[in-house]
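Please read the structure below before turning to the comments.
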Amino acid sequence: MHKSRYVVMNQDGGWQIRNAYRHVTSIFPSKAQALCAAIELAEKDGEHGHAPEVLVRHEDDRFITEWVYGDDVHPDDAARPAGRKQPGRSGA
């Protein structure tokens, strides 16, 4: 089982997703949109037996793990600011 990493990063004013195994060409206007898209891609990898995770690269070159397959909630909940969960959904 390989561990795939999706990295969300700000590039020239837009947000991109980088992955060593998959070419993602979309540019997203917000970090939240890119994060949701990266988590959805990673979920598909997880369903195929891989161990994906999603990281965000910050301006100071720090990488923060935002999501790990099997440990976290739905992508919509992960990208939503604290206290603003989607109505009718439970989650951490």
Side-chain angles (χ1 to χ4, degrees):
M1 168 180 356
H2 77 84
K3 185 169 196 147
S4 62
R5 288 189 174 101
Y6 289 85
V7 178
V8 174
M9 58 194 324
N10 192 324
Q11 189 80 26
D12 300 324
W15 290 87
Q16 294 182 332
I17 302 167
R18 298 285 174 119
N19 177 273
Y21 303 104
R22 182 180 283 181
H23 186 66
V24 182
T25 59
S26 299
I27 305 277
F28 299 89
S30 74
K31 175 182 163 186
Q33 289 173 327
L35 190 57
C36 278
I39 292 170
E40 288 177 8
L41 291 169
E43 280 184 326
K44 291 177 185 173
D45 285 355
E47 292 167 1
H48 290 97
H50 303 292
E53 60 186 8
V54 176
L55 297 92
V56 174
R57 179 179 165 202
H58 292 271
E59 295 79 24
D60 60 1
D61 287 331
R62 287 181 308 128
F63 290 85
I64 307 261
T65 303
E66 291 285 339
W67 184 90
V68 177
Y69 185 78
D71 289 347
D72 293 307
V73 294
H74 190 271
D76 290 341
D77 292 338
R80 190 170 277 97
R84 303 212 40 209
K85 299 291 182 191
Q86 186 175 358
R89 302 231 17 193
S90 62

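Just so it is clear, the values below take in all heavy atoms, side chains as well, and ignore hydrogens, waters and symmetry mates.
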Might you point out which heavy atoms bring S30 and W15 nearest each other, and give the distance in Å? C-CD1, 3.4 Å
Any side-chain heavy atom of D45 within less than 4.5 Å of one from Y69? no
Report the distance from atom CD of E53 to atom CD1 of I39, rounding to the nearest 0.5 Å. 12.0 Å
When every non-hydrogen atom of A42 is compared with those of P52, the smallest separation belongs to O-CG, 2.9 Å
F28 side chain near I17 side chain, heavy-atom distance below 4.5 Å: yes
Any chance you could measure E59, atom CD, to M9, atom CE, to the nearest 0.5 Å? 11.0 Å
Do W67 and V7 land in one hydrophobic cluster if side-chain heavy atoms of ILVMFWY residues count as linked below 4.5 Å? no
Spatial distance of atom CD (Q33) from atom OG (S26) [nearest 0.5 Å]: 11.0 Å
Would L41 and N19 count as a side chain to side chain contact (heavy atoms under 4.5 Å, CB included) if you check the C-alpha gap in whole Å, the side-chain angles of each, and the deciding distance to 0.1 Å? CA-CA 10 Å; L41 291 169; N19 177 273; over 6 Å; no
Pairwise distance CD(E40) to OH(Y6) - rounded to 0.5 angstrom: 11.5 Å
Atom NE2 in H58, atom CD1 in I64: separation rounded to 0.5 Å? 4.5 Å
Going through the distances and angles, do L35 and E66 end up as a side chain to side chain contact (heavy atoms under 4.5 Å, CB included)? CA-CA 8 Å; L35 190 57; E66 291 285 339; 3.9 Å; yes
Locate the shortest heavy-atom distance separating V68 from T65; write the atom from each residue and the value. CG2-CG2, 3.6 Å
Applying salt bridge (charged side-chain N to carboxylate O under 4.0 Å, His left out), can you list everything that pairs with R57, at least two apart in sequence or on another chain? D61
